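Encoded as structure tokens, the structure appears first; notes follow it.
Naming convention: chains lettered A, B, ... in sequence-line order (proteins, then strands); numbering from 1 in each chain. As the structure is a prediction and not an experimental result, all values here were calculated from the model.
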2 protein chains.
Amino acid sequence: MRDVATMAGVGIATVSRVVNGKPGVTPDLAEKVTRAAELLGYRHDMTASSLRRADRRTHTLGLILEDAANPFSAALHRAVEDTAAERGVLVLAGSTDEDPVRERGLVRTFTARRVDGLIVVPTGRTDTDLDAARGAGTPVVCVDRPTSVREVDTVTVDNRAGVRAAVGRLHAAGHRRIAFLGDLPTIWTAEERHAGFVEGLAETGSVLHPALVRRAVHGVEAAQEATRELLALPRPPTALVSGQNLVTVGVRKTLQDLRRQHDVALIGFDDLPFADLLDPGISVIAQDPVAIGREAATLLFDRVDGDPGPARHRVLTTRYLARGSGELPGPGGV
Amino acid sequence: MRDVATMAGVGIATVSRVVNGKPGVTPDLAEKVTRAAELLGYRHDMTASSLRRADRRTHTLGLILEDAANPFSAALHRAVEDTAAERGVLVLAGSTDEDPVRERGLVRTFTARRVDGLIVVPTGRTDTDLDAARGAGTPVVCVDRPTSVREVDTVTVDNRAGVRAAVGRLHAAGHRRIAFLGDLPTIWTAEERHAGFVEGLAETGSVLHPALVRRAVHGVEAAQEATRELLALPRPPTALVSGQNLVTVGVRKTLQDLRRQHDVALIGFDDLPFADLLDPGISVIAQDPVAIGREAATLLFDRVDGDPGPARHRVLTTRYLARGSGELPGPGGV
DNA sequence: TTGAAAGCGTTACCAG
DNA sequence: CTGGTAACGCTTTCAA
């Protein structure tokens, strides 16, 4: 920048003004500066810029996901990216794999880089760190799951209602032995979905068969095994509710291995790519990752802009997508 | 940091040494500094740090994808993230949607942020910008597609060989009317895959029916329509080769709409999540996004570390995954 | 071993 | 409208 200034025969301050498109520079001078910058191959340094700037904005935001490769995360990421891009903000992303240690590390490095804000899918065991970041001036929005710290904004989904309604449908279709397969109990959504399952049974006046409830089923393989075990029971379930997308895949794999996909009903939580191409299609309780991401980014930018209001907790609804697997009739008759 | 220094009653330089874990500080003093930092809630500022540092590393890398939400991109992203994390490097990601203007913008903002390096899936129409970045000292690795600038490192896949082999399989299974549906011709991989198709026909001594070659098929809907048109031909194809993952989805959707998935063969390029759950499973020519991402990051870090050697062009191979749809027999008989 | 001071590239302030 | 200068938070050099 100094070089540009001397080459253009102007002060360094003027170069800064031109570079930042500030008004009040004689077009003549501005022209000279632009030319000099061009000639010297000058590249503006945003890091130095935000260091000196009054607002100290880095125009960067941190996104902490469970796993960037998961379709849900990927869609969320893209939605955040798009709404951030509208403000000229870039997204720094990292995956925790549900490991609180990694989450803590990411929060630390992100704040060390002075991101303008943090969007986090919290593992649920680093609340104090998240709160520390917030206390230190980095706005935080929790996504998909809340935190124990009530002061942070959250965007979640009404998991309970979604599963409850699904159970209601299965009951109405005649199912009386409905099983549930849920993810790790440390994950808030897994617990909520499980609670929704219990509530759904209660609402329909059904009995809860403990043998038909499998928790801590994490990943495709675990789901396959759990499904095999459930179907091998003396009195097996006639319908399955899966609490997570990879679990749904595992369940369905086993169902197909056993050629039972046409007689055992299945409803999964969270949509899957191409679930509608299967036969029968997999009925799911779908969330809208794009809406979630957009909402989270919007809330975050409000805070970045200085909104001091009380914490907002957005709860989006789920949508049931009937595609066949959830509509298979049960023996309870209608 | 100044506050920490005064509170600990030491010089600011000592604080810097302690924070960076540099040797040669009396344990006694180090202890005092750590305590003061703790008490004051001191957070190291990496941006200021890298501004002053001799190597000027930001420990950040830019990743430019076609679309962060695409499964291939997501997997690539995760692989890059993981190998970057090993070096304490964070990943800044952006999507171009095949728009050279957006790509140029991303290259600019990334370099303005002084990323240590750039991993790019180039749209193929901003080669000069990419080269400018490289010229300005930011190492660049192109992924999935090469650039016209020979000096930049690339990681690609042998698209031609993959498609050629697929055509060979279809021919061997008795197919004599094989159609091809390819993405936009501006995309290098689309052209390579098309070339592989033509080569495959030639190798098997088949004739190329121009009516069976559809290019510039971009996205799911376009693929659905193109498939409908192909199957409505007076002499329709008995096998389809799709050149891109979303195209494969569209093709399959139409096939199922028409209930032809069991008699029209299909081989897609690039794997799809859960493609093996379908009936018949979709046979694909698979790439390994994780290997690609890892390799790209490795090449990049070599450059970041100062490797001045000639450009390296890694070409990974594809793997054919037989899942049924590519194994449906054709009328040519075996 | 320690600290004072210079300076990374930039913007903010203030005087001209 | 313009330019000199201080300062952002840090690392590096150099002298003590």
Side-chain angles (χ1 to χ4, degrees), chain A residues 1-34 36-37 40-60 88 108-116 136-138, chain B residues 1-34 36-37 40-60 88 108-116 136-138:
Chain A
M1 178 147 145
R2 264 231 311 260
D3 301 341
V4 176
T6 53
M7 174 162 182
V10 302
I12 188 174
T14 302
V15 177
S16 175
R17 285 192 264 264
V18 173
V19 167
N20 289 299
K22 290 227 177 116
V25 179
T26 316
D28 178 41
L29 274 193
E31 179 65 23
K32 268 200 264 186
V33 169
T34 323
L40 293 174
Y42 167 79
R43 311 259 111 212
H44 190 67
D45 188 329
M46 271 227 18
T47 64
S49 167
S50 61
L51 177 61
R52 192 56 184 83
R53 257 199 162 71
D55 60 13
R56 313 248 11 211
R57 292 280 142 71
T58 58
H59 289 270
T60 304
R108 276 195 192 347
T109 41
F110 282 160
T111 51
R113 253 156 259 237
R114 297 296 186 266
V115 292
D116 296 337
T138 307
Chain B
M1 180 148 145
R2 263 229 312 258
D3 301 341
V4 176
T6 53
M7 173 160 182
V10 302
I12 187 174
T14 303
V15 177
S16 174
R17 290 189 187 102
V18 172
V19 167
N20 290 300
K22 291 227 176 116
V25 180
T26 315
D28 178 40
L29 274 194
E31 180 64 23
K32 268 201 262 187
V33 170
T34 323
L40 293 175
Y42 168 77
R43 311 257 111 214
H44 190 65
D45 187 331
M46 270 225 22
T47 66
S49 166
S50 61
L51 178 62
R52 190 57 182 82
R53 252 198 166 69
D55 59 11
R56 313 249 4 210
R57 293 278 140 74
T58 59
H59 290 270
T60 304
R108 276 193 192 348
T109 41
F110 282 161
T111 50
R113 254 156 259 239
R114 298 295 187 265
V115 293
D116 296 338
T138 307

Rounded distance (Å) that lies between atom [atom2] of [N] and atom [atom1] of [X]:
X	N	atom1	atom2	value
B/D55	D/dT12	CG	P	8 Å
B/R53	D/dG9	CZ	C1'	13 Å
A/R2	C/dT11	CZ	C1'	15 Å
A/D45	C/dC8	CG	C1'	9 Å
B/I12	D/dT12	CD1	P	13 Å

Pairwise side-chain contact, A/N20 with A/R53, heavy-atom cut-off 4.5 Å (strictly under):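 Yes, their side chains come closer than 4.5 Å.
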Does [N] have OP1 or OP2 under 4.0 Å away from a side-chain N or O of [X]?
X	N	result
B/S16	D/dC10	no
A/T14	D/dG3	yes
B/R56	C/dG9	yes
A/T26	D/dT2	yes
A/K22	D/dC1	no

Which one, [options], comes nearest to the side chain of [X]?
X	options	value
A/S49	C/dT10, D/dT11, C/dG3	C/dT10
A/N20	C/dT10, C/dG9, C/dT11	C/dT11
A/H44	C/dT10, D/dG9, D/dC10	C/dT10
B/V25	C/dC8, D/dT5, C/dT2	C/dT2

So how far is it from B/T6 OG1 to B/M1 CE, rounded to the nearest 0.5 Å? 11.5 Å
Ignoring hydrogens and geometry, is there a side-chain-to-backbone donor-acceptor pair from A/D116 to A/R57 under 3.5 Å? no
What nucleic acid atoms does [X] come within less than 4.0 Å of, heavy atoms only: base, sugar-phosphate, or nothing?
X	result
A/A54	sugar-phosphate
B/R114	nothing
B/L29	sugar-phosphate
B/V19	nothing

Under 3.5 Å, is there any donor-acceptor pair linking the side chain of B/R52 to the base of C/dG9? no
Could you check whether the side chain of B/R17 and the base of C/dG3 have a donor-acceptor pair of N or O atoms closer than 3.5 Å, going by distance alone? yes
Before giving the answer on salt bridge (charged side-chain N to carboxylate O under 4.0 Å, His left out), spell out for A/R52 and A/D45 the whole-Å C-alpha distance, their side-chain angles and the decisive distance to 0.1 Å. CA-CA 11 Å; A/R52 192 56 184 83; A/D45 188 329; over 6 Å; no
Can you work out whether B/A13 or B/G24 has the more 5'-proximal nearest nucleotide on DNA chain C? B/G24
Given side chain to side chain donor-acceptor pair (under 3.5 Å), test B/T60 with B/R113 step by step and report yes or no. CA-CA 9 Å; B/T60 304; B/R113 254 156 259 239; over 6 Å; no
